[in-house]
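All remarks here apply to the structure that follows.
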Protein chains: 2
Amino acid sequence: MLNETMASLSQNCSDCPIRHRAVCARCDADELSRLEEMKYYRTFEAGQTVIWSGDRMDFVGSVVSGIATLTQAMEDGRTQMVGLLLPSDFVGRPGRTGSPYNVVATTDLIMCCFRKKPFESMIERTPHIAHRLLEMTLDELDAAREWMLVLGRKTAREKIASLLAIIARRDAALQLRGTTGPLVFDLPLTREAMADYLGLTLETVSRQMSALKRDGVIELQGKRHVTVPDFDLLLEEAGDDSDGGLLV
Amino acid sequence: MLNETMASLSQNCSDCPIRHRAVCARCDADELSRLEEMKYYRTFEAGQTVIWSGDRMDFVGSVVSGIATLTQAMEDGRTQMVGLLLPSDFVGRPGRTGSPYNVVATTDLIMCCFRKKPFESMIERTPHIAHRLLEMTLDELDAAREWMLVLGRKTAREKIASLLAIIARRDAALQLRGTTGPLVFDLPLTREAMADYLGLTLETVSRQMSALKRDGVIELQGKRHVTVPDFDLLLEEAGDDSDGGLLV
DNA sequence: CGCGCTAGTTGATTTGCGTCAAAGCCCCTG
DNA sequence: CAGGGGCTTTGACGCAAATCAACTAGCGCG
């Protein structure tokens, strides 16, 4: 699993100026230069809304640095996070004009964007990229469906453990380390954001974090800094037989 | 919204022998004949498992008639349905060998299949089809994310209403009728399957169905036959501002 | 230094849904 | 027609998580 994760991430070609695994054109110099001409950058501050649900979206893009969240909301204020956008993740849907989600920057954010029209026509000229985009979308679909199991059937404690396991694994993969030995990382989310991800309240998140700490499953330095002494124990707490997917 | 639904369904080309909107080749006679040679049919009885999670899958296919469910399970027996396969829906992932889900026929089922290898190479030769496949996958991703809101944030009553609204709308669309006036349809799912879909127990599903009936939101003839006198009222019960998506 | 602000923790109480149990309905079959 | 088995309904009870509320930690700032 870890190997798979690393393989997936390494498809982000590090020397490619587009810095996105969907549109990395290392195997096609022509495309590369065409993309170069098209692209532009946008920056957002932490807390800023990148796209409002229902807004017209005339661009697609990928995250260069920072973190953003995809959320859906009901009119009474209840919200559910449906995805996390990390560096190299793609946002925007070729062929649809409106975004069905709110996209909010949780940290300062830099995005690399392409206007939609030229991007779309480029896709049609370049099956290679269309194919890559399909694979990424299928990955996200699998991740979303795995999250449905978490939301529908897991207890609060299992939900927290699942989220921590995903973040820990992603972090280990980025550092090209395995998941043996203690894992150390910083939570990129507030308690409230975790709650929105997990379909819980922030109080419950806080309580379960404390409980996992009390039971020695995790250690906490401050509010955000986490140490996982035994990753397998965490997985067990998550109720995971399968070793979980990437939740994008 | 309804128009969108109908447009989407009508992309299933009725006179195309492949009967699937992803691989309908009406605009390409060459592809059509190549597909014709490749395809074969499989039939399953109600209750039969089409694919076990983790099994090697050497084919892809689409549903010709009947209904199947995609479910994920934890080893202690908790299960969560993550998708519903209706006629014209596609299953199987080009480029991956194992299925991450159990696929179970809930009615007698006929599937039109293609062996994976030739199907994959056909995709590469036919950008048209790859593009269609990407669109369908994006639709499914949107539907999955919408369902995450249902699972994470809605009450039992709202969950039931959401599911009924989706089925009612789909049914109305198939009959090319609007959603004004009373809607009548048969539930294609047992109470237990509904529970698995909604992250509830079957007892809760039963109770909430009774409650919606008592409050005049729905009428029930027998266990499966449902009448919705006022679709807008049902939507309100579902907590839906947006008029909901297609959940595949 | 004290003030105020935000994020997080912890406690008391309520409640919605799960669990366990019993009984009803319907279809099938002998 | 009786009997059995699957699906469904209904009831009683318990518990996990929500809600309401108080309090703490950390941090920037006048």
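In the text below, chain A, chain B and the rest are named by the order of the sequence lines, each starting its count at 1.
You'll find that the side chain of B/K223 is closest to D/dT8, out of D/dT8, C/dT10, D/dA17. In this structure, the nucleotide among C/dT10, C/dC20, D/dC7 sitting nearest to the side chain of A/E203 is C/dT10.
In this entry the distance linking CD of B/Q221 with P of C/dC25 reads 17 Å, nearest Å. Atom CD1 in A/I160 sits roughly 16 Å away from atom P in D/dA16 (whole-Å rounding). Separating the CG atom of A/L198 from the C1' atom of D/dA16 is a distance of 16 Å, rounded to the nearest angstrom. In this structure, CG of A/D196 is placed 12 Å from P of D/dA18, rounded to the nearest angstrom. Remark: C1' of C/dC26 and CZ of B/R224 are 12 Å apart, rounded to the nearest angstrom. In this entry the distance linking CG of B/L220 with P of C/dC25 reads 15 Å, nearest Å. Protein atom CD of B/E192 is 12 Å distant from nucleotide atom C1' of D/dT8, rounded to whole Å. Rounded to an integer number of Å, the gap from B/R78 CZ to C/dT19 C1' is 14 Å.
Look at A/T201 and you won't find any side-chain N or O under 4.0 angstrom from OP1 or OP2 of D/dA17. In this structure, B/S210 reaches the D/dT10 phosphate: one of its side-chain N or O atoms is under 4.0 Å from OP1 or OP2. Not one side-chain nitrogen or oxygen of A/T204 sits closer than 4.0 Å to the OP1 or OP2 atom of D/dA17.
Heavy-atom nearest nucleotides on DNA chain C were determined for B/K154 and for A/V205, and the one closer to the 5' end corresponds to A/V205. Judged by closest nucleotide on DNA chain C, A/R207 is the one of A/R207 and B/A156 placed further toward the 5' end.
Counting non-hydrogen atoms under 4.0 angstrom, B/G47 reaches nothing in the nucleic acid. Note on B/L200: only backbone sugar-phosphate atoms sit closer than 4.0 angstrom, heavy atoms only; bases stay farther off.
When all heavy atoms of A/F44 and A/V50 are compared, the pair lying nearest together is CZ-CG1, 3.6 Å. The shortest heavy-atom contact between A/M209 and A/L220 is CE-CD2, 4.0 Å.
More than 12 heavy atoms of other shown residues, nucleotides or ligands fall within 6.0 angstrom of atom CD in A/E203. In the displayed structure, A/Q221 atom CD is contacted under 6.0 Å by more than 12 heavy atoms of other residues, nucleotides or ligands.
Of all the residues in residues 183-191 of chain A, A/T190, A/R191 reach under 4.0 Å from DNA chain C with at least one non-hydrogen atom.
For the atom pair OG of B/S62 and CG of B/D89, the computed distance is 8.5 Å after rounding to the nearest 0.5 Å.
Not a single donor-acceptor contact under 3.5 angstrom links the side-chain atoms of B/R157 to the base of C/dG16.
A search for side chain to side chain contact (heavy atoms under 4.5 Å, CB included) contacts involving A/K223 returns A/R191, not counting sequence neighbours. Judged as a side chain to side chain donor-acceptor pair (under 3.5 Å), and not counting sequence neighbours, A/N102 has no contacts.
Contact annotation: the side chain of A/S99 never approaches that of A/D55 to less than 4.5 Å [non-hydrogen atoms, C-beta and beyond].
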